[in-house]
Every structure is written in structure tokens, then in C-alpha cells.
Amino acid sequence: FPKQTFSLCCKPFRCRSLPARRKYMRSPLVPEMATQEVQLNETLSHLKTESDTLKTKLEEERAKLHDVELHQVAEKVDGLGQFVMKTRRTLKGHGNKVLCMDWCKDKRRIVSSSQDGKVIVWDAFTTNKEHAVTMPCTWVMACAYAPSGCAVACGGLDNKCSVYPLSLDKNENLAAKKKSVAMHTNYLSACSFTNSDMQILTSSGDGTCALWDVESGQLLQSFHGHAADVLCLDLAPSETGNTFVSGGCDKKANVWDMRSGQCIQSFETHESDINSVRYYPSGDAFASGSDDATCRLYDLRADREVAIYSKESIIFGVSSVDFSLSGRLLFGGYNDYTINVWDVLKGTRVSILFGHENRVSTLRVSPDGTAFCSGSWDHTLRTWA
Amino acid sequence: MTINTLAKGGWDREQMACFRKMEKVIVAMQDPDMGMKMRNQRLLITVIPHAMTGVLGELLLWCLTEAVHLSGMLVRYGYIYPLKEPRSLVLRPDESPYRFQTPYFWTSTRWPASELDYAIYLAKKNIRKQGELMEYEKERYSLLHKRINHTWDFVVMQAREQLRASKQRRKADRIVLECQEQAYWLINRPPLTLCAFCLCLQIETCRRALGRNRVKSSICLEGFVKYSEQYQNHDPIMQGCLPSNPWISDDTAHWTMSSEIVPTPTRLRVERWSFSFMELLKDIMGMREFMLYLEKEFSAENLCFWQACEDIRHGESSRILEKVEDIYKNFLAPGAARWVNIDSKTMDKTLQGLRHPHRFVMDDAQMHIYFLMKKDSYPRYLKSDLYKNMLAKAIVPQETKKSVFPFMRRQRHSSPSPAQAVIQVTEEDGHAKGAGRAGTNSAAGSHV
């Protein structure tokens, strides 16, 4: 079993940062400050009891329609046989921990970002580096490939999300054409283009998510509801394409309506920070990976958690999750340097993949499902198939 | 300093400001409740209303009350604090000692007070003397402990450091500093109202969630089983892919055969179009085939309308207006060339929305047409000859046999970058294409 070096500060800037847009409601000073205090505390405890009562009621309602467990329904499904997946490509070139990666729609190119501020675009098939940008900040925690393949977005401790158009002129400095799109008041934890190059969805340590217009840099919609840092997000592959899910340090996974900015559904069953959320391919459910060493599946129509993927022997947190194309397999990158492959329907672990020499920080399945790529703190990325 | 320093009447602007302040005081003096006493006074034989006697005395009295009020405020807001009973921020008319608050702790210089600092202060107090915290301070302490639990080590460490540093000072200085800090936090402790905001949002979400329609678990979970079954053959990691997985065999034939536009698509791909309407529309070739079919049925305008609406939803903000106008001209206006058949209610709502067009103004109409195509044209397309022929002539690639010499590795060829493809197009067209090409616009100067 690999030796652990416990570092306290794995997530930078975890200090409780308060959302900037909300000004403090400064309590007016009156001579009887004691009564003011009492009034405030009464209102707060009223709100707290109301919130708790509603939550219990909601759980009761959700439980009423829960007539069967997933593994029971899956009994009639064939089990999966021997599972062999190997590292097919190792991408070496980052000088420090790889924090995030994303696939291009052409199924072979990827963009990856690391702690030293470098963002590299690779052709993962040939392992050639095609573009490299040095960001002015360290800890680039988020990066995304534009649907057209012509630009990448990235951000991190600079609290911004910037879009870099990819130029093929070797002499051109990519950083010169950089465009700042998103501005948050704390670190950027995740970003994703929506269906086109024109809009970006971001999540931040300031507790909010936001939708931005790339062209003008304008804020189109902001999403408030998380009580702590938001760490991850994923867009729904639905017909109407209007929702996304986010997970945060408040252990909640929220589903949002992009048009109105409202939180449509909320799930709070994890016992620790949610590091990664990913939609099931049909869009009817999503999986989450958390520091509590479990992955969970939440069904949106049943409005509840329907499966937990965990084992007594797995004690390290999950940093990222993704589904295979059919949704039958769930890949999870863990902080104990391994990747666990789960059978989504039966709830059992199918395989465990070794190879990385430090914690796995990011994991994405390729757009056509032929392989998946994992990035790690050991400075490398590996493509598995 | 402005050129025109003289206000009306020839007085200086600065002087005018003073006059205004004096006038405010005069108005306050005449306040019926708190102002100076005025009575009817006899002047010789005439009775003059609202006159005052003993003016000096009255004025002094009035000013004195104001002064007491002002000094009370100074203490209440912490600019002057008592040394003997530091919690009671009241001005006593006795000999108890007071001190001026250092400017470092003035409210205006240190606003807003952060929760972290308050937590450090409370932690210091707790460490210094167990049980010294007041009731409300204990409550705040536990609340903060829950809220910023992840930095609690930092808080305790800071508190210990500050205590250690203060031990090195002289006792007098230490007491002064403690009093100063205490007075500051009495006034400026962070309010709990921020927490209230989060709670309100939570309550709202819960209420909305309670009103949801839920589906039975058995139905939902059955859906997963069906989906996985349907897509199993299409999942390369589960079933492999033909002719071979490029990552394993280094042969990119699979990608070449499945690229966006090919003369003959693969069988798996054409099969996938029958899984759902969304699968058909997601695939460019599928959408093209569907368009051909609709043209035969004389309902192609539906798909064109849907595409135009998608363009608005995901396109540049700056072109929304012109695109909305185009759509109205081509699809919605009475007698339009490609008029789409929407029910009257949706049409009315859309036309009203067109007065103030925004990104989502076409949403209702778009959904109506989408579901129309899904329920009507799509099933008929799947039964049509067009689709059946496509399926028949679709190719099933041969599985590449494993190489005889396994140690010989194939040459891994690079592919043209998507970015390159765009540049070629822009050179041909002479101008950047519309939605979907962020940053290739050569007018980059304004954007950085």
C-alpha cells in the first residue's frame, strides 16, 4: 500500500469566503443592543427550525416513492466479465501537479492545466504538445476546451476565467490574445463552455456559479445557494439543455435552471466536500465523488440518492468521476493514487487501476467513449483503454 | 477649487456650508418637543407669540442637552471607552476613567469586520480564561466553529501567537490593548444576518422541492437498465469498437470512418439515430438526412426554425436582435415564406415577447416545434424508405486482426487541428464565420 504524505492544504484558499455581492446587513445601533441581539437570534432560530422541518418533510416525501433498490432491479442484468484496461499513452511535460483536463470534440486532443500555471494542449494520440500557455497565476484549477476546438478557457487563483484562442502560428504568443471573461471574488474551481464558444459557465470558491457571455465578458446569470465553496459543475445533456449541476464544500449537490438562476433540486447526503459531479449520459441522473471516499448516484426524476459506491477498504477521497458512454461503468479517480471502476447498476467494483504515482486529480472519458484520460499530482496524464 | 467660488448673495461656498449647518441647528432649536421653550410674551401692551426669555440660559440648556447626547454617542460607538466596566458603553457622570480608542480600531477604518478575526478574538478569550465568554459569545463561538471549521487550526494558532506576543508587553499596555479590542468587538462583531440569507434560500428551495412531481423508483431505475442495455454495443470500453480501438492498435481507421461527414456512415451510427430524437439531431449527418426527409414531406421549415432558434440561444449576445428579426420575417410573420405552424397561444406569447427580444424569447415556440417533430415526423422518418436504405447500405467495418508482429508499432499520424480548419475557412470566406468561433476575429485589440 503506497505511503501517504499528508498535506494539509490540498485545496487552496479554503478560508470561509463570503459572497461579495451580498453586502453585510449592518445592524443599526440602538442603545439597547442586548434586545437587538435577542431579536436577531430569535429570527435566526425560527428560520433554522423552519428549514429543518421542511428538510425532514422533504425526506419523507422522497422516501414514499422509493419501492426498490437499484441492485435489486439489476439482478437480471448480466455481470461484467474480466476487465482489462491499460495505460496506452503517458503525457509528460507538466512541471508540477496536473489539476484539470478536458477533451476536444475531435476525440484525440486534450487541454490540461497544472499548479505551476502552465496550460498545455496535447494531441493525446501522438503525445505531441501543440500549444502551451503560461498563466500569470499558479494553481490553474479549471480548464475547458471550446466546442469548436479553436479556443481554451482556464482559470484558478487569479479569480478569473480567461479564454485563449488557439493559434497555429508557432511564433505567436497565445497569451497576447487572451480575453478575460469571468470575474469572481475567490478562486475559480471549474469552468465549462455551454453548447457553443459564446458562453461559459463557471464555479468559484466564493460560493457562486455564474454564466458569462464570452464576447462581451458580461455576466448573464449568477447562481446563489451554496453555503461554501463550489468545487465542480457539469452541464446536462438534455433535450432542452437548460440545467446544470454543481457540488460544493457544503456537501450539497444543486441542480440549477440556467435561465432563471433558481436552484431546482438539492441533494445533501454526502458526508464531506463534493469534489466532482457528472451527469449520467441520458441526463436523468448524475454521479458525485466526495472526500468521504464514496461516489453516489442521484436520480433526478425520483428526486433522491439511488446508489452508493463504496468499500470498507477505500478510505481516501474521490477527486473526479465520469461515466463510460453507455453509463454502465463509473470511473473514479482517488487520492490513494488509484482509479476504481464501478458497475453502476450492480453497485460493485469491477476493477482497480494502478499506474499513477500520486493522487489522481482529474478524470474524463473521451467524447466517443474509446478511452479515458486521468491527470495526477505526479505531473503526468495517462490515457487508458 | 472651482472658478466660481462665489455663491448667491456674494458669500463664499465654504461659508455657505457653515450657514447651512447653523440653520439646521436653528431648526432643531425650534422643535416643538425638544426645542427651546417659547411663550407668548408681553411687550408693553402687545402680545408677541413664540418669544423667549432668559435666552442665554435657555440656549445654554439646549446646547448642553445636545452635548450630553453627542458624548453619549461617542461612547456608544466606541470612540471613547470606559476602563472600569468595559462592557457597559454608557457615559457615567462620575469619576470613572475613560480612554480614547486608537484610530486603528475606529469603525470606518476597519469595516467590514471579518468573521475570521472575530473567531480569533473569541478563541483568545477562551484560551486566556476558560469560562470568560458571555452567553452570546459562547453561541457565536460554536456557530463560527461549525461554519469555518476547515480553518480552525489556523484560528487557534493565530490566537495562541497573539497571546504569546501580548505576554511580552508591560501589564499596562496589555490591559489597554485588551480593553481596546474588547470595545471594538462589542460594537463591530459580524452580524448573524448573513446566515439568515442562506437559510432563507434553503427554505425556498425546500418548499419548491416539496411541490415537485416525483416518479417511482422502480420506473426510474428500470430506465437505467434499459439505457445501459441499448447503448452497450456502442460503448467501446465495454464492447470494443470496429475496426479497432485507436488507442490500443494505433490505427485511426475507426475515427476516419466515424468522422462528421462521410460518404457512408457505419451501421452502429445509423442505428443510434433510432434511439432518440436527440441522438438524430446531435449527429450532423442524421440532421441532414432528417432534413431531406422533411423536404419530401414539405415540413422542412420546422427543422430550419428549430436550428435558427438554437443559433440565438447559443450565439453571440450582440447578434440576438438581428437574428430574432430574421426569424420573425422568415417564420412567424403572417404570409412568411417559411411559416411554421404554432398554436395560437404560443404564437401570441412569442409575438408579445418580440417587443423586448432577449436570448430566450423563442423558447416556447422552439419547444412546441421540437415536440411536434419528435412526436410526428421523427417516428415516420424511422419507418421511411429513406432511413431503411441508409441502414441497409451502412457499413460494418471488419475487425482488424491483431498484428502478427506485436512488437512492431504503427506510425502514429497527427490529424489537422480544429483550429487550423477554421483558419482555412476564414481565408476562403474573407470573414470569420458566425456563432462558434470565439477569438478568431482579427479585431482583437478591443477584447483584452
Side-chain angles (χ1 to χ4, degrees), chain A residues 14-16 22 24-25 27 37 40 44 47 50-51 54-55 58 65-68 70 73 77 88 106 123 125-126 146 148-151 163 165-166 168 177 179 195-198 213-216 225 227 239 259 263 265-266 282 299 301-303 324-328 345 369-371 383 385, chain B residues 112 115 136 147-148 150-151 191-194 196-199 201-203 205-206 209-210 212 214-218 220-225 227-228 231-232 234-238 241 245 247-248 255 278 314-318 360 412 414 417-420 422 435-440 444 447:
Chain A
R14 281 270 301 281
C15 291
R16 168 86 174 110
R22 292 182 227 146
Y24 278 70
M25 280 151 58
S27 48
E37 201 55 45
L40 260 165
L44 223 75
L47 285 173
E50 193 179 349
S51 171
L54 281 172
K55 272 199 217 166
L58 185 60
L65 291 173
H66 189 57
D67 48 351
V68 71
L70 181 55
V73 172
V77 182
R88 304 291 172 176
D106 77 347
D123 178 350
F125 187 70
T126 58
S148 67
C150 303
V163 175
L166 295 175
L168 285 168
K177 287 244 180 86
K179 186 184 203 154
N195 287 24
S196 77
D197 285 17
M198 298 287 114
D213 177 55
V214 173
E215 205 183 20
S216 59
E239 293 178 301
R259 257 191 77 167
C263 175
Q265 280 171 289
S266 185
S282 71
D299 187 306
R301 291 174 305 169
D303 193 30
S324 71
L325 192 135
S326 63
R328 181 69 192 270
L345 298 177
T370 48
T383 318
Chain B
E115 281 193 341
Y136 72 88
R147 269 237 288 270
I148 53 174
H150 42 268
T151 51
L192 294 175
T193 46
L194 203 66
F197 182 66
C198 286
L199 280 175
L201 278 179
Q202 241 176 18
I203 290 172
T205 319
C206 273
L210 276 169
R212 277 185 79 83
R214 273 175 210 87
V215 182
K216 262 205 298 201
S217 285
S218 44
C220 303
L221 300 176
E222 198 57 50
F224 293 146
V225 175
Y227 190 92
S228 300
Y231 280 83
Q232 183 156 334
H234 299 250
D235 189 342
I237 293 182
M238 299 259 306
C241 58
N245 189 324
W247 299 99
I248 302 177
W255 285 334
M278 196 167 69
H314 299 124
E316 302 105 316
S317 289
S318 52
F360 303 110
R412 291 173 186 167
S414 38
S417 162
Q420 189 173 46
V422 171
R437 302 285 183 257
T440 52
H447 291 316

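All values reported here derive from a predicted model rather than from experimental measurement. Throughout, a chain's letter reflects where its sequence line sits, starting with A, and its residues are numbered from 1.
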Novice: Establish, from distance only, whether the side-chain atoms of B:Ser414 and A:Asp123 form a donor-acceptor pair under 3.5 Å.
Specialist: no
Novice: Working to the nearest 0.5 Å, report the span between CG of B:Leu210 and CG of A:Leu58.
Specialist: 5.0 Å
Novice: Between A:Asn195 and B:His314, is there a donor-acceptor pair closer than 3.5 Å when you use the side chain of the first and the backbone of the second?
Specialist: no
Novice: Out of A:Ala146, A:Ser216, A:Ala385, which one racks up the most heavy-atom pairs below 4.5 Å with chain B?
Specialist: A:Ala385
Novice: Is there side-chain contact between B:Leu221 and A:Val68, with heavy atoms separated by less than 4.5 Å?
Specialist: yes
Novice: Could you measure the distance from the SG atom of B:Cys220 to the CG atom of A:Asp299? Nearest 0.5 Å is fine.
Specialist: 4.0 Å
Novice: Determine whether A:Val73 and B:Phe224 make a side-chain contact, defined as any pair of heavy atoms from C-beta on separated by less than 4.5 Å.
Specialist: no
Novice: At a heavy-atom separation under 4.5 Å, does B:Cys241 approach chain A through its side chain, its backbone, both, or neither?
Specialist: side chain
Novice: Can you find a heavy atom in the side chain of A:Leu345 that is under 4.5 Å from one in the side chain of B:Ser228?
Specialist: yes
Novice: Are the side chains of B:Arg214 and A:Arg301 in contact, using a 4.5 Å heavy-atom criterion?
Specialist: no
Novice: Given a strict heavy-atom distance threshold of 4.5 Å, which part of B:Gln202 is in contact with chain A: side chain, backbone, both, or neither?
Specialist: side chain
Novice: Are A:Glu215 and B:Ser318 linked by a side-chain donor-acceptor pair shorter than 3.5 Å?
Specialist: yes
Novice: Apply side chain to side chain donor-acceptor pair (under 3.5 Å) to the pair B:Trp247 and A:Thr383, showing each step before the final yes or no.
Specialist: CA-CA 8 Å; B:Trp247 299 99; A:Thr383 318; over 6 Å; no
Novice: Got A:Leu325 and B:Ile237 here, is their nearest side-chain heavy-atom distance under 4.5 Å?
Specialist: no
Novice: How close do A:Ala302 and B:Ser217 get, counting heavy atoms only, and between which atoms?
Specialist: CB-OG, 4.4 Å
Novice: Identify which part of A:Asp67 has an atom lying under 4.5 Å from any heavy atom of chain B, answering side chain, backbone, both or neither.
Specialist: both
Novice: If you compare all heavy atoms of B:Asp235 against all heavy atoms of A:Gly369, which two are closest, and at what distance to 0.1 Å?
Specialist: OD1-O, 4.3 Å
Novice: Show, in sequence, the C-alpha distance, side-chain angles and deciding distance for A:Leu65 and B:Val215, and conclude whether the side-chain contact (heavy atoms from CB on, under 4.5 Å) test is met.
Specialist: CA-CA 7 Å; A:Leu65 291 173; B:Val215 182; over 6 Å; no
Novice: Given the rule in the side chain to side chain donor-acceptor pair (under 3.5 Å) test, do B:Ser317 and A:Asp213 qualify, once you have shown the distances and angles that lead to the verdict?
Specialist: CA-CA 7 Å; B:Ser317 289; A:Asp213 177 55; 3.1 Å; yes
Novice: Within the 4.5 Å heavy-atom criterion, are B:His234 and A:Ser326 side-chain neighbours or not?
Specialist: no
Novice: Do B:Arg212 and A:Gln265 have side chains that approach each other closer than 4.5 Å (heavy atoms only, starting at C-beta)?
Specialist: yes
